[in-house]
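First comes the structure, then the notes that go with it.
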Amino acid sequence: MSGENRNRGVRLGLAAIASGLGYAFHALSQDRSIRSKIREDAGKIKQNLASDDSEEAAVKRINHRINAYKASSDLLNCPFAQDVTTESYLGGEVQWINFHQLKMTNHVLVYFHGGQRLEPMQPEEWRFVHRLGKEQSLPIAIIPIQPLFVRSFEREIEQTYSLFKNIQQRYSGKEWISLSYDSGALLALNLAEVAPQLFNRMIILSAWFGLPSSQLIISENDYYTRLTENQLISELWQEKNDVIPIDHIQIADMPLVVFIGGSYDSLRNGMMQLYKRLRAHNKPTRYYQFDRMVHDFALRSLPEADEAIDIIYQEIKNVIET
């Protein structure tokens with residue numbers, strides 16, 4: 001075993017021990033990858049020199065994302081479309097990775113993508129999920145999420161629940177594990193509230209919960225998140241009455257919830273709020289925090305992203321082996 005892999009194994013072992021206490025803090029500042037340090041330095045330089053966060057620039061970026069959604073689709077952004085199987089249901093289409101594995105396992109991973117309902121699943125997410133499927137022989141169902149200009153979030157919950165029930169009926173007897181990124185976490189949590197037995201376990205990666213703009217404070221070290229853009233998006237959700245406060249989500253029958261996020265992520269406050277609420281009510285939960293990582297770190301080519309994926313593997317393995 002190489003020194004790098006050995007160190008990685010030691011850190012994962014320590015994380016596993018800490019997770020038994022409900023919270024694992026990945027303090028990688030003493031042993032961070034050169035690649036992540038370079039990305040941080042480059043991100044901060046870009047932020048200082050070229051990051052226009054005026055309201056006019058933010059509106060342009062948001063409109064560009066909306067217009068791109070109208071002209072695109074999830075699969076058009078997929079670099080691995082040849083490895084994707086599409087199934088049609090009464091409630092819509094579902095994309096599958098490792099579709100052939102459905103007959104060989106009783107466990108299925110369900111992925112809810114991000115994009116704040118302003119854009120379809122992006123290439124970085126496709127690569128992330130494709131890698132999960134490649135390294136973990138598990139079928140992955142990808143739920144396409146409709147944009148907020150098509151239907152309300154309440155309607156999206158209803159439609160996705162109906163679609164998911166149709167999937168469950170077609171593949172009865174399976175256990176379902178949810179993995180969500182960014183705004184996909186909000187949909188997964190609300191589905192779990194509607195049907196507490198829907199998922200065996202929930203893994204939430206760098207969640208975006210649409211917190212009110214007044215509550216959004218950008219961390220001094222966050223070189224990824226733009227304040228004005230996120231404030232405008234939150235206000236756009238609020239105008240459509242789509243924001244569901246985290247403290248209103250019923251947690252009494254929630255399955256075990258696992259959180260993974262970065263300490264530089266200004267949007268992590270919503271995850272921390274929900275995690276603390278679950279702990280206060282003695283609900284099973286774990287929180288893995290990666291030191292000095294921003295919102296999208298797990299989607300990037302970083303050793304820290306490798307560790308996040310290892311944690312996801314381990315959580316899936318824990319479900320399969322119980």
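Side-chain contact of Tyr288 with Glu307: a donor-acceptor pair under 3.5 Å is absent, judged by distance alone. There is no side-chain donor-acceptor pair under 3.5 Å between Glu40 and Asn221. Under the 3.5 Å distance criterion, with hydrogens and angles disregarded, a donor-acceptor pair is assigned to the side chains of Gln159 and Arg155. No side-chain donor from either of Lys317 and Gln314 sits under 3.5 Å from a side-chain acceptor of the other. Inspection of the Ser183 and Gln116 side chains reveals no N or O donor paired with an N or O acceptor under 3.5 Å. In this structure, a donor-acceptor pair under 3.5 Å is absent between the side chains of Gln95 and Thr85. Side chains of Tyr313 and Glu315: no donor on one and acceptor on the other come within 3.5 Å. In this structure, a donor-acceptor pair under 3.5 Å is absent between the side chains of Arg292 and Ser263.
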Atom pairs and distances, donor-acceptor, side-chain atoms in residues 249-260, under 3.5 Å, two or more places apart:
none

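Proximity of a side-chain donor or acceptor of Ser36 to a complementary backbone N or O of Ser33 within less than 3.5 Å is detected. In this structure, Asp222 contributes its side chain and Ser266 its backbone to a donor-acceptor pair below 3.5 Å. With Asn98 contributing its side chain and Leu138 its backbone, the two residues share a donor-acceptor pair below 3.5 Å. Side chain of Asp182 to main chain of Gly115: a donor-acceptor pair is present (N/O by atom type, distance under 3.5 Å, no hydrogens or angles).
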Given Glu87 and Arg170, is the salt bridge (Lys or Arg N to Asp or Glu O under 4.0 Å) satisfied, shown in steps? CA-CA 11 Å; Glu87 274 197 322; Arg170 185 174 294 184; 3.4 Å; yes
For salt bridge (Lys or Arg N to Asp or Glu O under 4.0 Å), just list the numbers for Lys37 and Asp41, CA-CA rounded to whole Å, side-chain angles, deciding distance to a tenth of an Å, and then say yes or no. CA-CA 6 Å; Lys37 292 177 183 177; Asp41 290 342; over 6 Å; no
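Open room surrounds CG on Leu90; 12 or fewer heavy atoms of other groups in view lie less than 6.0 Å from it. Within a 6.0 Å sphere centred on CD of Glu158, heavy atoms belonging to other residues, nucleotides or ligands number more than 12.
A salt bridge is absent between Glu55 and Lys60; no separation between the charged side-chain nitrogens and carboxylate oxygens falls under 4.0 Å. Salt bridge status for Arg131 with Asp306: present, with a side-chain N to carboxylate O gap under 4.0 Å. One finds no salt bridge joining Arg201 and Glu175 here, because no Lys/Arg side-chain nitrogen approaches an Asp/Glu carboxylate oxygen to under 4.0 Å.
Note: Glu229 CD to Ser234 OG = 11.0 Å, rounded to the nearest 0.5 Å.
Taking the ring centroids of Trp176 and Phe164, they lie under the 6.0 Å cut-off. For His295 and Tyr223, the ring centers are positioned 6.0 Å apart or more. No close placement of the Trp126 and Phe80 rings is indicated, their centers lying 6.0 Å or farther apart.
When hydrophobic clusters are built by joining Ile, Leu, Val, Met, Phe, Trp and Tyr residues whose side-chain heavy atoms come closer than 4.5 Å, directly or via intermediates, Ile217 is not grouped with Leu232.
Ile34 belongs to a hydrophobic cluster with Ile38, counting contacts under 4.5 Å between side-chain heavy atoms of Ile, Leu, Val, Met, Phe, Trp and Tyr, direct or through other members.
A cation-pi arrangement is absent between Lys283 and Tyr275 under the rule of less than 6.0 angstrom and at most 45 degrees off the ring axis.
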